[in-house]
Amino acid sequence: MHFCIPCIIFGHKDLSGRMNIMDAEVEGNFELESYTGVSINRFFGGQQSGNLYNLDYVSPGANFRFKTIIFNVNLEKEDEEWRERVREGVLFLIRSLTQGIFVGGRKSTGAGLVKLTNLEVRAFTQGSWKEVKISW
């Protein structure tokens, strides 16, 4: 059975993913803000009567600290072709995150911009951690 590269990285119903993303913690000053909106009736194109909703969000510009663990992917070099393609996929994901991407819902309203700064990559090999320099 063959799996696509994203399935190998993030997982599939028949395959455990190689990447685990841990909870992010807010650093520094931030505010929780609230937005009140109205549901739109897609059939009629107008508001849906009686369907107000509130959306809570963290103020724009807030910084988060997070960690991800990637198992069994050598970010420096892989020998087999499929492993090299997985490595390239992970590097593409990291590079995209350092440039900034939108994730989650409400992207059309500007929500969800994620941009990695102060990137640190370490590898656990032969019983110890070492810094890994990523080259694009």
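- In this view, Leu15 and Phe3, Ile8, His12 satisfy the side chain to side chain contact (heavy atoms under 4.5 Å, CB included) rule, not counting sequence neighbours.
- The salt bridge (Lys or Arg N to Asp or Glu O under 4.0 Å) test applied to Arg83 returns Glu80, not counting sequence neighbours.
- Under the 4.5 Å side-chain heavy-atom criterion for grouping Ile, Leu, Val, Met, Phe, Trp and Tyr, Phe64 is not connected to Leu97 through any hydrophobic cluster.
- By the 6.0 Å contact criterion, CD on Glu120 is open, its count of non-hydrogen atoms from other residues, nucleotides or ligands being 12 or less.
- Distance check, rounded to the nearest 0.5 Å: SG of Cys7 to CG of Asp14 gives 9.5 Å.
- Side-chain N or O atoms of Thr68 include one that pairs as donor or acceptor with a backbone N or O of Asn20 at under 3.5 Å.
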Q: Kindly indicate, with the supporting measurements, whether the criterion side chain to side chain contact (heavy atoms under 4.5 Å, CB included) is fulfilled by Asn74 and Arg87.
A: CA-CA 7 Å; Asn74 183 344; Arg87 182 189 81 83; 5.6 Å; no
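- Arg18 places no side-chain N or O within donor-acceptor distance of the main-chain N or O of Ile70, the cut-off being under 3.5 Å.
- The shortest distance between side-chain heavy atoms of Val90 and Met19 does not fall below 4.5 Å.
- Contacts of Phe43 classified as side chain to side chain contact (heavy atoms under 4.5 Å, CB included), with partners at least two apart in sequence or in another chain: Asn41.
- Cluster membership check: Val132 shares its hydrophobic cluster with Leu119, using side-chain heavy-atom separations under 4.5 Å among Ile, Leu, Val, Met, Phe, Trp and Tyr.
- Using a distance-only test at 3.5 Å, with no hydrogens or angles considered, no donor-acceptor pair links the side chain of Ser59 to the main chain of Phe30.
- The same ILVMFWY cluster, assembled from side-chain heavy atoms under 4.5 Å apart, contains both Phe10 and Val114.
- The shortest distance between side-chain heavy atoms of Leu116 and Phe66 falls below 4.5 Å.
- Cluster annotation: Val103 is connected to Ile21 through the hydrophobic network of ILVMFWY side chains, with a link wherever side-chain heavy atoms come within less than 4.5 Å.
- Residues Arg85 and Glu88 are not paired through a salt bridge, judged by the lack of any N-O separation under 4.0 Å between the basic side chain and the carboxylate.
- Among residues at least two apart or in separate chains, salt bridge (Lys or Arg N to Asp or Glu O under 4.0 Å) pairs with a member in residues 57-76 are Glu27-Arg65, Glu76-Lys130.
- The distance from the OG atom of Ser96 to the CZ atom of Phe92 is 3.5 Å, given to the nearest 0.5 Å.
- The two residues Val38 and Gln47 have their closest heavy-atom pair at CG2-CB, 3.8 Å.
- Linking Ile, Leu, Val, Met, Phe, Trp and Tyr residues whenever their side-chain heavy atoms come within less than 4.5 Å places Trp82 and Leu93 in a single cluster.
- In this structure, Val26 and Asn63 have side chains that are not in contact, with every pair of non-hydrogen atoms separated by 4.5 Å or more.
- Listed by chain and residue number, Ser34 satisfy the side chain to side chain donor-acceptor pair (under 3.5 Å) test with Asp56 (two or more places apart in sequence, or in another chain).
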Q.
Does Phe71 form a side chain to side chain contact (heavy atoms under 4.5 Å, CB included) with Ile69? I'd like the steps, not just the answer.
A. CA-CA 6 Å; Phe71 297 96; Ile69 299 173; 3.6 Å; yes
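- The side chain to side chain donor-acceptor pair (under 3.5 Å) test applied to Glu33 returns Tyr57, not counting sequence neighbours.
- Within the model, atoms CD of Glu84 and CG of Asp79 stand 9.0 Å from one another, a figure rounded to the nearest 0.5 Å.
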